[in-house]
Amino acid sequence: MHDMSNELTTLPKATKKKKSSTVIEVDDIGFSYDHGKTETLKGISMTVPKNQVTALIGPSGCGKSTLLRCLNRMNDLIDTAKITRGAIRILGQDIHAADVDAIELRKQVGMVFQKYNPFPKSIYDNVAYGLRIQGVKKKSVLDEAVERSLKSAALWDEAKDRLKDSALGLSGGQQQRLCIARTIAVRPKVILMDEPCSALDPIATAKVEELMLELRRDFTIVIVTHSMQQASRISDNTAFFYLGELIEYGPTTQIFTNPSVKQTEDYISGRFG
Amino acid sequence: MLRFRLLYLQIPAVPADKPTNKPAPSFKGKRGLRLMGLNITTDGVVKGFFGGNAYLAILALLFICVFLLKSGLGFVPGYRVELSEARVSGIELTNRVRYELTGYKALLARVNQAFIAEKRHLFSDEESAIYLYEEFEALIDDEFEEDIEQYVDLDDGAEKEAASVKLRADIATACSTISEKQLLLSLARRLPDLKKISPEARQQALTLAQEYALNDAETPDAVAAISTRISQEMGTFNTAIQRIKSAGKPLSQLEATLTRQTEETDRILKLNRQTSGSILALEEGLKKAHKRDEPSETITAIEDRLKKSRGSFIEIDTEALIQPVYQAIQNHDLIVDTLVSELAAAFDTLPSEFENKQVTATINEARQLNGELAVIIAKQKENINAWRHDKDVNLSNALTAFFFGSEWQTGSPWQNVYGLMPLFTGSLLVASVSLLFAVPLAIGAALYVNQFAHKREAALIKPGIEFIQAIPSVVLGLFGVLVLAGLLKEWSHSPLLSWIPGFPITERLNVLLAALLLAFMAAPTIFTLAEDALNNVPKAFTEASLAMGATKLQTAIKVVLPASISGIIAAIMLGFGRVVGETMVVLMVAGNKAKIPEFSEGLGVVGQPVHTMTSIIAQEYGEVTEGSLHWQALFMVGLVLFTISLVINSTCQRVLNRKTR
């Protein structure tokens with residue numbers, strides 16, 4: 001497996017130093033699932049640096065997935081959901097501004113889900129889906145994008161001879177990598193991953209994790225994970241959430257070796273959660 | 001590697017069980033009621049109840065199948081007997097001649113139509129004058145009878161002259177008081193397309209009427225003169241039509257001769273069949289009576305009746321009876337050859353182009369019919385010459401005659417024919433056209449409710465559509481026949497809608513009307529099932545698509561719809577099954593004309609009336625006697641319907657299973 005210590009030492013140390021490298025800026029965000037009666041997120045502020053993997057960890061119900069879904073406004077689909085305060089800026093733009101179209105936003109902020117969910121179509125059609133809905137019809141463009149994406153998702157060698165076969169014939173790990181390929185085919189700026197490995201076996205998990213470290217070069221990745229080992233293995237920064245609040249946020253090495261808050265220490269040492 | 005701070009949890013040791021004095025657990029079950037060696041428990045009874053009901057349903061289904069088969073399949077041998085009787089008696093042969101005659105009559109009707117139209121076109125005024133004159137004549141008879149008598153009694157001279165002037169003036173005044181509308185109304189029967197009465201025609205009619213009055217109520221010669229002039233002027237056309245009329249006479253005569261010859265044979269054959277049936281029954285009864293040692297009076301009574309039945313059995317020599325038929329048919333070739341050449345010659349005398357476009361079109365249609373008739377005759381000539389009365393009719397002939405027969409004719413004094421085709425095509429046509437309306441409607445609504453509608457909106461639409469299913473079909477049929485039929489016919493005559501195929505429709509009850517109402521009935525079925533299928537598409541697909549930046553519409557059409565396609569196909573097929581099996585509405589609004597619709601009209605076929613498999617059963621079951629051939633034929637139709645439903649349902653199951661696999 002990967003040699004993590006090497007990876008981590010070569011990372012840029014501080015995230016707040018360079019303002020220009022910030023991709024996502026969460027500013028005192030409050031979020032409610034029930035028209036504002038109770039807040040699920042209670043004033044979160046954090047920034048996500050470019051070309052890094054940022055992990056969101058915390059016990060169930062702490063709001064980490066909710067925050068992730070706020071970033072591409074997937075929560076808009078819930079009728080009763082509401083942003084109660086604050087703002088989220090991605091690449092400097094307020095994503096809740098009146099002139100922002102959630103559909104355009106999602107083209108820039110892709111998402112990979114907990115349960116792999118390729119469409120019941122061929123492998124090719126799955127990867128080409130994003131471009132096709134954007135109106136791309138030219139076969140050469142689609143072919144090129146499919147090959148590039150599958151290669152980036154480390155699936156090309158396994159899938160190149162069966163592009164016309166149903167995606168549902170792939171194994172679980174392959175399906176999840178196909179979903180990643182589908183997401184990166186439209187070249188988003190940010191990829192959100194919602195526990196992408198929780199339905200996979202250890203070997204498939206290792207492959208996806210390896211892939212994430214590769215993808216970091218071209219994309220900014222925000223990942224929600226339940227596995228602290230995974231967070232420590234792949235992320236550059238870690239944010240610990242508890243009951244809708246951001247308890248601690250910093251470089252992964254610091255969070256896992258020398259957390260400054262007692263709750264963080266308790267959680268990562270397995271005393272609760 | 002990273003350094004973890006590992007803390008060991010301290011788990012308290014589980015205290016060991018204290019020894020107790022409780023007895024060891026027993027694994028014996030409760031004993032139920034013992035009855036006749038059976039162990040009856042509550043569970044067993046409940047299970048038996050449910051299981052029994054389930055098997056009862058299967059048994060009922062089996063019973064229906066067996067009954068349908070038993071009653072229906074007896075039809076085939078029965079029909080075979082009837083068909084062979086029709087052959088032996090010569091009815092079959094006569095039908096072939098009648099077929100030719102029908103073709104000729106259609107042609108004649110078209111030519112007649114053209115003739116009348118041409119006459120109206122050329123002599124509109126003269127014709128209306130004649131009919132108008134008849135109206136005035138009736139008026140004079142009513143009102144001027146005494147005046148005319150007084151006038152006639154007068155001696156010639158100045159007084160009479162003055163009286164005639166007065167009478168003329170009076171008549172003119174009386175006639176002019178009748179409004180044009182009223183006159184048009186009275187003329188409508190004879191001149192239905194007359195829109196306006198020209199002043200010339202009115203004047204001419206008045207002159208004739210005055211002449212009639214002054215002539216002591218005698219029809220003036222001028223009236224006959226006008227008629228003669230018209231027929232003279234119509235010269236060539238008149239000659240042609242007379243020629244066409246007389247050309248058909250030999251064929252009609254041949255048909256009449258054949259009908260006379262065969263009807264008698266057929267009657268005797270049918271009578272004998274009945275008699276032999278009762279002889280068989282009586283013989284059976286006699287045997288049983290002997291066995292049971294019935295009193296001698298009963299036995300004698302049966303023997304008497306048997307003797308009487310045997311006596312009424314007519315020995316006939318079919319060979320002898322058929323000879324006149326063969327003799328008559330010998331001339332057939334000559335007759336039809338003459339007919340074809342005569343018709344061709346008559347059509348040659350007619351000009352190819354008439355002043356009135358309508359007439360030209362009608363004549364062209366007649367020419368086309370003439371061409372078709374020549375083909376029919378050529379084919380029937382072969383058929384008729386090859387026909388033998390003693391050729392055997394086998395079971396497969398009877399089956400073919402049923403399944404591919406193009407006529408369903410019952411209760412006729414001539415021959416009852418049971419051909420499925422008109423009913424089958426009717427059912428299929430109505431069902432397909434109704435799906436054409438229902439499918440887009442229902443699938444569209446299902447997609448909208450499932451993908452786009454707000455929860456509150458869906459809560460309004462869904463029960464609304466599903467409620468349509470609760471409307472009793474007879475109510476819908478009533479609405480169709482009393483309200484929609486009239487509206488549809490009225491709208492179809494609107495010039496704005498004339499682009500729709502089949503418009504304007506002439507029949508009030510037709511395929512389109514039935515299809516519209518059935519679409520209304522099938523839509524809820526399709527909607528509910530399609531909505532279920534859409535609902536079964538995992539939310540993950542929708543989410544994935546939306547997260548890629550797809551709009552809701554793109555997601556619905558490109559992801560949700562393809563993912564649920566097998567469920568939707570099943571929904572459509574079940575909708576089809578619902579429509580094919582629907583009875584009340586089609587019975588009320590489809591027009592019930594057991595004839596294969598004219599598909600040559602293209603899409604306009606939807607304007608025609610049809611009969612369907614379901615409605616024929618509903619319509620005719622009341623008038624059949626149990627066990628008769630007609631009775632069995634209806635069961636055959638039922639069997640076909642049953643099979644169609646079975647096939648549709650099992651295909652649906654297979655489609656749905658493929659999805660879940």
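Residue numbering restarts at 1 for every chain, and letters A, B, ... go by the order of the sequence lines. Not measured: the values here are computed from a predicted model.
For Leu192(A), no part lies under 4.5 angstrom from a heavy atom of chain B. Contacts between Val112(A) and chain B at a heavy-atom distance below 4.5 Å are absent for every atom of the residue. For Arg182(A), the parts lying under 4.5 angstrom from a heavy atom of chain B are both the backbone and the side chain. Phe119(A) touches chain B through backbone and side chain together, each having a heavy atom under 4.5 Å away. For Asp101(A), no part lies near chain B; criterion is any non-hydrogen pair under 4.5 Å.
Under the side-chain hydrogen bond (donor to acceptor under 3.5 Å, both in side chains) criterion, Ser198(A) pairs with Gln114(A), not counting sequence neighbours.
The environment of CZ in Phe520(B) is sparse: at most 12 heavy-atom neighbours from other residues, nucleotides or ligands sit within 6.0 Å. Sparse packing is recorded around CG of Leu603(B), with 12 or fewer heavy atoms of other residues, nucleotides or ligands lying under 6.0 Å away. When the shell of 6.0 Å around NZ of Lys539(B) is examined, it contains 12 or fewer heavy atoms from other residues, nucleotides or ligands. Counting heavy-atom neighbours within 6.0 Å of Arg132(A) CZ, excluding the residue itself, gives a total above 12. Residue Glu457(B) qualifies as enclosed at atom CD: its count of foreign heavy atoms under 6.0 Å is above 12.
Between chain A and the options Lys552(B), Glu543(B), Lys558(B), Lys455(B), the largest number of non-hydrogen pairs under 4.5 Å is found for Glu543(B). Most heavy-atom pairs under 4.5 Å with chain B: of the set Pro118(A), Ala185(A), Gly130(A), Pro120(A), this distinction falls to Pro120(A).
Of all non-hydrogen atoms in Lys121(A) and Pro562(B), the two that sit nearest each other are NZ-CG, 4.4 Å. A pairwise comparison of heavy atoms in Ile133(A) and Ala550(B) identifies CD1-CB, 3.3 Å as the closest pair. Residues Ala544(B) and Asn117(A) come closest through the heavy atom pair CB-ND2, 3.3 Å. Pairing each heavy atom of Leu546(B) with each of Arg106(A), the nearest pair is O-CD, 3.0 Å. Among all heavy-atom pairs drawn from Met548(B) and Val186(A), the shortest one is CE-CG1, 4.4 Å.
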Side chains of residues 428-445 of chain B: which donor-acceptor pairs under 3.5 Å do they make with residues two or more places apart or in other chains?
| residue | atom | partner | partner atom | Å |
| --- | --- | --- | --- | --- |
| Ser432(B) | OG | Leu428(B) | O | 2.4 |
| Ser434(B) | OG | Ala431(B) | O | 2.9 |

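Atom-to-atom distance recorded for Gln554(B):CD and Ile103(A):CD1 is 7.5 Å, nearest 0.5 angstrom.
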